[in-house]
Amino acid sequence: MATTSKEITVNMGPQHPSTHGVLRLILELDGETVVSCAPHLGYLHRGSEKLAENRTYQQIVPLTDRFDYLSCGNNNLAYAIAVEKLMGIEVPERADYLRTIVAELSRISSHLLWLATHAADIGAVTVLLYTLREREEILELFELLTGARLTVSYVNIGGVRRDATPEFIARCKDFMSRFPAKIDDYDTLIMENRIFVGRTKGIGIISYDEAIDWGLTGGSLRGSGVDYDLRKAAPYAAYDRVEFDVPLGKTGDVYDRYIIRVEEMRQSVRIINQCFRDMPDGPVKADIPTVSLPPKDRVMADIETLAHHFVLVSKGFTVAPGEVYVGCEVPKGELGFYIVSDGSSSPLRMKVRSPSFVNLQCLPRMVKGHMIADIVSCIGSIDIVLGEVDR
Amino acid sequence: MSGLEKFIKTIFFWEILKGMKLTFKTMFDKPVTRLYPKEKPVVPPVSRGLHALRRHPNGKEMCIACGLCAAYCPTRCINIRTSENPDHSKAIDVYEIEILKCLFCGYCVEACPVRALTMTQEYELASYTRESLLYTKAMLLANGDRYVGKETHFD
């Protein structure tokens, strides 16, 4: 009896555990080989860009927490820098360093969760137990500094919301001294493991030129060897004042993307240590009365400040007409905010260029010709968060 | 790595042994997990938990019903209705926080001009009904009374 080869269509997701959220893939399979793959998005769409049009500039900050909910500090920072550029605000130096510390702590916590889920998808569940242990410590540090564990809303327009306490600085420094040894532990668990290597080396290769053509950013781009990091290319916050290396991959496969993200965590530790060394004393909010809320003690003491506080809180500050685009290097890639202002206290339009969304476009190209099980390692390697893909 | 070394490492599962060594080492570490309902985590005073309304030392409510917290709230989850007292002062008829809509961003606390509204370290807010998560003025004042003399979230 002759067998006929026929392609079948399989629906993967949106409730599949290794699609990292609610990603749905329509797969055309020839046996176990993927012929084509089409991602279907929109299951987590909340209309954040539209919501932003009805909020004052200040009220959008908690909204940005919900894009990439694993690295909220970075989202707040990107948004705040965009508004500050539009308004021409200078941020105090101490605030710049605190922003950098929070951004890098968020990067570490995001990469830790990525490593946990990526390894667990491939079959090494042990790593999850180790990385979540350290992530918990970072979340506790966030709670000590900002008051919240996950949705920090810490970076504000014109500075940060509260100064670092000596307790936070001491605990963070202590954690930073212990953390590099923990990264070595993760490497011990999977870096040379033959199953992990077998399932990641040579899978989902994206060449140097292809990575640029697809518009990849972040770890997915640098895994292909393209030396492009916005922290170096267009420095913001205190990144122009600290030293760090940008790790680069060679072949652009899943294994290279894993190696460089782990190395990025080591560089983050370097950056945070330098920030603590160089951080000056001083204010953490820009002294611009039209933007920053006055200190509470003065609000309660004199009537002019109280009246000013009322106006600023109830109406929000206005931004001169204009438009701005600012991109920041978040753990996933380049998060960009394009804001158009019409002179009122809320933006006319806010477009978010989310790195996960752009990087996800590359998935059908990555998985073509591979086995169905390799889709899981490819999704893991581009490090998507569906909150950011759908916004 | 020489060919022989690589061969020996391959047949004896060297990298697996290295991983298992870490596992056995970790077995003697102090556990990092908590037996949650029995052992509660220590939450720092700056933590943004359930809201509370504070009182003056003489027992009078601090809130002046200015409505700034409601105006500043990104999700508009605070509902205030006021009327006039016989002595022409402002009376609060309704002060509600819909905790299900709340983001716990702490902007209301920043907005309060008299430090009447604060956030406490209460984080166990789960409930079986939606109605019980509409926090009224009495509930918020009662929460404030629990935190008299303790440090809470102020901006």
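We name chains A, B, ... by the order of the sequence lines, and we start the count at 1 in each one. Bear in mind the structure is a predicted one, so any value in this text is a computation, not a measurement. Side chains are part of it too, since the values below use all heavy atoms of this structure and drop only hydrogens, waters and symmetry mates.
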Evaluation steps, side chain to side chain contact (heavy atoms under 4.5 Å, CB included), between A:Arg161 and B:Glu110: CA-CA 10 Å; A:Arg161 274 175 75 185; B:Glu110 262 181 48; 2.6 Å; yes

Kindly indicate whether the side chain of [X], heavy atoms from C-beta on, has any atom under 4.5 Å from the side chain of [Y].
X        : Y        : answer
A:Glu192 : B:Lys18  : yes
B:Leu103 : A:Thr151 : no
B:Pro44  : A:Glu140 : no

Among A:Leu145, A:Val152, A:Leu51, the residue with the most heavy-atom pairs under 4.5 Å to chain B is A:Val152

As an exercise: rank A:Arg194, A:Arg55, A:Arg133, A:Gln58 by heavy-atom pairs under 4.5 Å with chain B and give me the winner.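 The answer is A:Arg194.
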
Compare every heavy atom of A:His309 with every heavy atom of B:Pro113, then report the nearest pair and how far apart it is. CB-CD2, 4.2 Å

Shortest non-hydrogen separation from A:Asp297 to B:Arg115 and the atoms involved: OD1-NH1, 3.4 Å

For [X], is it the side chain, the backbone, both or neither that has a heavy atom under 4.5 Å from a heavy atom of chain B?
X        : answer
A:Asp184 : neither
A:Tyr130 : side chain
A:Leu293 : side chain

Run A:Arg162 and B:Val46 through side chain to side chain contact (heavy atoms under 4.5 Å, CB included) and show every step you take. CA-CA 10 Å; A:Arg162 57 167 66 234; B:Val46 296; 3.4 Å; yes

Working to the nearest 0.5 angstrom, can you tell me the gap between [X] [atom1] and [Y] [atom2]?
X        : Y        : atom1 : atom2 : result
A:Glu143 : B:Gln121 : CD    : CD    : 9.0 Å
A:Thr188 : B:Lys21  : OG1   : NZ    : 8.5 Å
B:Tyr107 : A:Thr56  : OH    : OG1   : 8.5 Å
A:Leu129 : B:Thr23  : CG    : OG1   : 9.5 Å

Heavy-atom count check: over 12 atoms from other residues, nucleotides or ligands less than 6.0 Å from A:Arg178 CZ? yes

For B:Tyr128, does the OH atom sit with more than 12 other heavy atoms under 6.0 Å from it, leaving out its own atoms? no

Considering only heavy atoms, give the residues of residues 55-80 of chain B separated from chain A by less than 4.5 Å, sorted numerically, with 'none' for an empty result.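 So the qualifying residues are B:Cys66, B:Leu68, B:Ala71, B:Tyr72, B:Cys73, B:Pro74, B:Arg76.
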
Which residues in residues 94-102 of chain B have any heavy atom closer than 4.5 Å to a heavy atom of chain A?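 The residues closer than 4.5 Å to chain A amount to none at all.
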
So which of B:Gly19, B:Ser47, B:Cys112, B:Gly49 has the largest heavy-atom pair count under 4.5 angstrom toward chain A?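 Of B:Gly19, B:Ser47, B:Cys112, B:Gly49, B:Ser47 has the most heavy-atom pairs under 4.5 Å with chain A.
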
So which part of B:Ile16 gets closer than 4.5 Å to some heavy atom of chain A, the side chain, the backbone, both or neither?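 The side chain, not the backbone.
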
Please classify the contact of B:Tyr123 with chain A as side chain, backbone, both or neither, using a heavy-atom distance under 4.5 Å.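 Neither part; nothing is under 4.5 Å.
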
